[in-house]
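Every number for a ligand or one of its atoms is a count from 1 in the order of the listing. Because only heavy atoms are used, hydrogens play no part in the values below, and waters and symmetry mates are left out as well, while side chains stay in.
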Amino acid sequence: MQSRELKLARHPRGKVRPDDLSLDVVTVPEDLGPGDILVRNSWLSIDPSVRMRLGPTGPAGYLPPFRIGDTLAGLAVGEVIRSRDDGFEPGDTVLHINGFREFAVIREDGDTLAGAGGVTKLDTSEHPPQAYLGALGSSGLTAYVGLQCIGELTGGDIVWVSSAAGAVGSLAAQIARLRGHYVVGSTGSAEKVRFLSEELRLDAAFDYHTPDLADALAGAAPDGIDLYFDNVGGMHLQAALSHLRRGGRVAMAGAVASYDGETANAGPNNLFQIVAKNLTVKGFRAGAYDHLLGDMRAEVGSYLRDGRLVATETVFDGLESAPDAIVAMLGGRTVGKTLCRLG
Ligand SMILES: NC(=O)c1ccc[n+]([C@@H]2O[C@H](COP(=O)([O-])OP(=O)(O)OC[C@H]3O[C@@H](n4cnc5c(N)ncnc54)[C@H](OP(=O)(O)O)[C@@H]3O)[C@@H](O)[C@H]2O)c1
């Protein structure tokens with residue numbers, strides 16, 4: 001059986017270009033070994049983390065970089081075509097990490113992405129399959145864990161979420177708002193600021209393309225902030241450290257401003273604020289909190305069910321569009337969860 005796969009053609013220099021990736025045809029083995037499951041992928045998750053794996057080296061302690069010629073990996077949802085695992089049968093919908101290809105042979109004891117994406121059967125009777133890549137999947141878990149476990153969100157906290165129009169940010173901002181907090185969101189364009197104010201109904205929103213990020217933050221949260229949900233790093237983190245109130249917390253989910261390597265050394269220059277104001281700054285990877293998926297799905301699922309949470313998607317069609325999807329997502333030209341739909 002023939003399948004198209006997206007491979008790393010060359011290491012990007014700075015921003016990713018579509019031709020850093022190549023679409024190749026491979027043969028998928030017809031004969032499955034014991035425990036193998038053949039899946040036709042239907043949805044691919046397009047995540048910023050893939051950028052960190054495209055360079056010749058990656059951050060220490062993180063997922064290893066891809067080598068030239070490797071097929072990219074990423075969270076995906078697909079349908080079981082054939083199975084030699086007693087727990088799975090044709091027609092099952094499954095979540096796994098062998099994305100960026102049309103067909104995949106997966107195994108329950110296969111790799112995960114630092115705990116995320118172990119082969120799981122999905123019940124799609126209530127929510128569509130791709131929701132398990134976004135609001136009810138890794139994006140939702142990152143938002144939930146960042147607020148709940150890392151940021152220790154407490155009554156009355158004022159919250160700032162960066163990249164708030166994105167997959168994780170839009171969920172973190174809405175969960176905090178739905179729990180009754182004053183929430184500020186930042187993003188990269190006037191249109192997305194409108195999305196934050198009018199569609200996500202955040203209390204305040206601003207475009208970070210401003211001469212003074214600290215001023216913009218102070219305008220949006222004049223009394224300071226208690227929790228910064230950091231998706232961006234760099235100068236955003238610097239502004240947060242200055243504006244956090246005593247005892248404030250930073251939940252560091254990511255640092256997308258540095259992923260393309262062009263701005264890796266930008267800020268923060270005010271780390272002493274952590275000492276001065278008894279701040280707690282803590283990073284995390286959602287895969288380590290998979291045991292909280294049920295709790296997250298109970299809360300986010302209920303918001304989805306009664307229409308209180310907006311789960312916006314930007315969908316690209318066909319595996320051939322995946323390079324454009326990656327470039328668009330990193331360039332800020334997508335809103336909510338970025339997905340690639342196959343078949
Ligand atoms: N810790 C974990 O387990 C975990 C899991 C998933 C994701 N993450 C992290 O969470 C963050 C958000 O991920 P996501 O999937 O929700 O992606 P996303 O926010 O949907 O997409 C990335 C967004 O980052 C923004 N961006 C790009 N370059 C930027 C820059 N230089 N400065 C400020 N913003 C920039 C763009 O939006 P604008 O238009 O707003 O610029 C872009 O759309 C990332 O840092 C990601 O690595 C962490």
Just distances here: any N/O of Y259 and N/O of ligand 1 closer than 3.5 Å? yes
Between ligand 1 and T187, is the shortest N or O to N or O distance under 3.5 Å? yes
Going by the order shown, which atoms of ligand 1 are within less than 4.0 Å of some heavy atom of Y208? 29 (C), 30 (C), 32 (N), 33 (C), 34 (N), 35 (C), 38 (P), 40 (O), 41 (O)
State whether the shortest distance between N or O atoms of S163 and N or O atoms of ligand 1 falls below 3.5 angstrom. yes
Does CG belonging to D31 count more than 12 external heavy atoms closer than 6.0 Å? no
Counting from 1, what ligand 1 atoms have a heavy atom of K192 closer than 4.0 Å? 37 (O), 38 (P), 39 (O), 43 (O)
Run the contact test for T338 against ligand 1 with a 4.0 Å cut-off on heavy atoms, strictly below, and give the result. no
Do R308's NZ or CZ and the ring of Y303 fall within the cation-pi criteria of under 6.0 Å and 45°? no
Quick one: does D157's side chain get under 4.5 Å of R249's, heavy atoms only? yes
Is D86 atom CG crowded by more than 12 heavy atoms from other residues, nucleotides or ligands, each under 6.0 Å away? no
Using a 4.0 Å cut-off to any heavy atom of A257, which atoms of ligand 1 qualify? 30 (C), 31 (N), 32 (N)
For ligand 1, which atoms, with element, lie under 4.0 Å from some heavy atom of L330? 27 (C), 28 (N)
If we only consider heavy atoms of A255, is any one of them less than 4.0 Å away from an atom in ligand 1? yes
Greater than 12 external heavy atoms within 6.0 Å of D24's CG: yes
Would you say N231 and ligand 1 have an N/O pair spaced under 3.5 Å apart? yes
Return a yes/no value for A286: is any of its N or O atoms, backbone included, closer than 3.5 angstrom to an N or O of ligand 1? yes
